[in-house]
Asks: 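Sharing a structure here in structure tokens format.
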Number of protein chains: 2
Amino acid sequence: MSDVFDALAHPVRRKILKLLRRRAMSAGELADKIDIPKPTLSGHFAVLKAADLVGTERQGTTIIYRLNMSVLEEALAAMLDIAGLRGAKPGEK
Amino acid sequence: MSDVFDALAHPVRRKILKLLRRRAMSAGELADKIDIPKPTLSGHFAVLKAADLVGTERQGTTIIYRLNMSVLEEALAAMLDIAGLRGAKPGEK
DNA sequence: CTCATATTTCGGTATTTACCGAAATACCAA
DNA sequence: TTGGTATTTCGGTAAATACCGAAATATGAG
């Protein structure tokens, strides 16, 4: 879970997630909308993927990124837990 | 808002917030429950305070930390926005 | 003022993260 | 295979963050 919070801590990564909210997009499409060098962006993709916040599917030479909503929901639940508003589950590390 | 996500990215800081969920506590009380050196902990307090996730009140020699629920709720809203589940508000930086 | 307690700041090191140009890889088409 | 497009990995540097012992500060009691 710490991976997820780490991933959420960078504004570019939050923007990526937001762009993927409506539909899956290729790395190139995302690059068109974000305007930072591709290697930098690719690094952010890797962080999101390591946290399992996004998944990938290769279609020919392009790689499609899709939001993994269930993991995002877990993060949401963890925050609700911190706030004490709901769904507890005792032990977070 | 980025300050808030940065602050949430560290497990010790999330633990602090969780401990403050029920009631405000002094730095010393928190230190009793967390078991890392006090200077380290104090640094985490400073990050949380800079993000306005906690507020302080001095009572004699002790400093009382209290959770700032409204800011935590803002973070929650930002996450709901990423997930597209609710409360949008167009421009995040 | 002196002392004891609570907490933070200082100072230095270690670790991690971010950034991005250049080069490499993967895939498909011709 | 050759060439082109899409994307990532490499390699190095820069900057931010984390850690914590020692010292400093703040406060109230006596």
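Just so it is clear: chains get the letters A, B, ... in the order the sequence lines come, proteins before strands, and each one is counted from 1.
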Asks: What is the distance from CD1 of I63(A) to P of dC27(C), rounded to the nearest Å?
Replies: 9 Å
Asks: Between A46(B) and V47(A), just flag the one whose closest nucleotide in DNA chain C comes earlier from the 5' side.
Replies: A46(B)
Asks: Side chains of M79(A) and M79(B): does their closest heavy-atom pair fall under 4.5 Å?
Replies: yes
Asks: Would you check if I16(B) and I34(B) make a side-chain contact, meaning some heavy-atom pair closer than 4.5 Å?
Replies: yes
Asks: Could you give the CG-to-C1' distance, from D6(A) to dA16(D), as a whole number of Å?
Replies: 14 Å
Asks: Identify which nucleotide among dG21(C), dA18(D), dT17(D) has an atom closest to any side-chain atom of P39(A), counting heavy atoms from C-beta outward.
Replies: dG21(C)
Asks: I need the CG-P distance between D32(A) and dT7(D), as an integer number of Å.
Replies: 9 Å
Asks: Quickly work out the I36(A) CD1 to dG21(C) C1' distance and round it to whole Å.
Replies: 14 Å
Asks: Can you find a side chain N or O atom of S26(A) that sits less than 4.0 Å from OP1 or OP2 on dT7(D)?
Replies: yes
Asks: In whole angstrom, give the distance that lies between atom CZ of F45(B) and atom C1' of dT8(C).
Replies: 11 Å
Asks: Taking the side chain as every heavy atom from C-beta outward, state whether L20(B) and M25(B) have any atom pair closer than 4.5 Å.
Replies: yes
Asks: Please pick, from dT7(C), dA26(C), dT8(C), the nucleotide with the shortest atom-to-atom distance to any side-chain atom of S42(B).
Replies: dT8(C)
Asks: Using heavy atoms and a sub-4.0 Å distance, could you list which residues of residues 48-59 of chain A are near DNA chain C? By number, please.
Replies: R58(A)
Asks: Say whether, by atom type as modelled, one donor and one acceptor occur between the side chain of R58(B) and the main chain of I63(B) under 3.5 angstrom.
Replies: no
Asks: T61(B) has a side chain; which of dT9(C), dG28(D), dA22(C) sits nearest to it?
Replies: dG28(D)
Asks: Among the nucleotides dT8(C), dT7(D), dC20(C), which one has an atom lying closest to any side-chain atom of T62(A)?
Replies: dT7(D)
Asks: When you compare the side chain of L53(B) with that of L17(B), does any pair of heavy atoms fall below 4.5 Å?
Replies: yes
Asks: Base, sugar-phosphate, or nothing: which does P37(A) touch, judged by heavy atoms less than 4.0 Å apart?
Replies: sugar-phosphate
Asks: At under 4.0 Å between heavy atoms, what does T40(A) touch on the DNA or RNA strands: base, sugar-phosphate, or nothing?
Replies: base
Asks: Could you tell me the separation between the NZ atom of K38(A) and the P atom of dC19(C), rounded to a whole number of Å?
Replies: 17 Å
Asks: Look up atom NZ in K33(A) and atom NZ in K15(A), then write down how far apart they are to the nearest 0.5 Å.
Replies: 10.0 Å
Asks: Whole Å only: how far is the CG atom of L41(A) from the C1' atom of dT8(D)?
Replies: 11 Å
Asks: Grab the OH-P distance between Y65(A) and dT8(D) for me, whole Å please.
Replies: 4 Å
Asks: Say whether, by atom type as modelled, one donor and one acceptor occur between the side chain of R13(A) and the main chain of A7(A) under 3.5 angstrom.
Replies: yes
Asks: Of the options dC27(C), dT8(D), dC19(C), whose atoms approach the side-chain atoms of H44(A) most closely?
Replies: dC19(C)
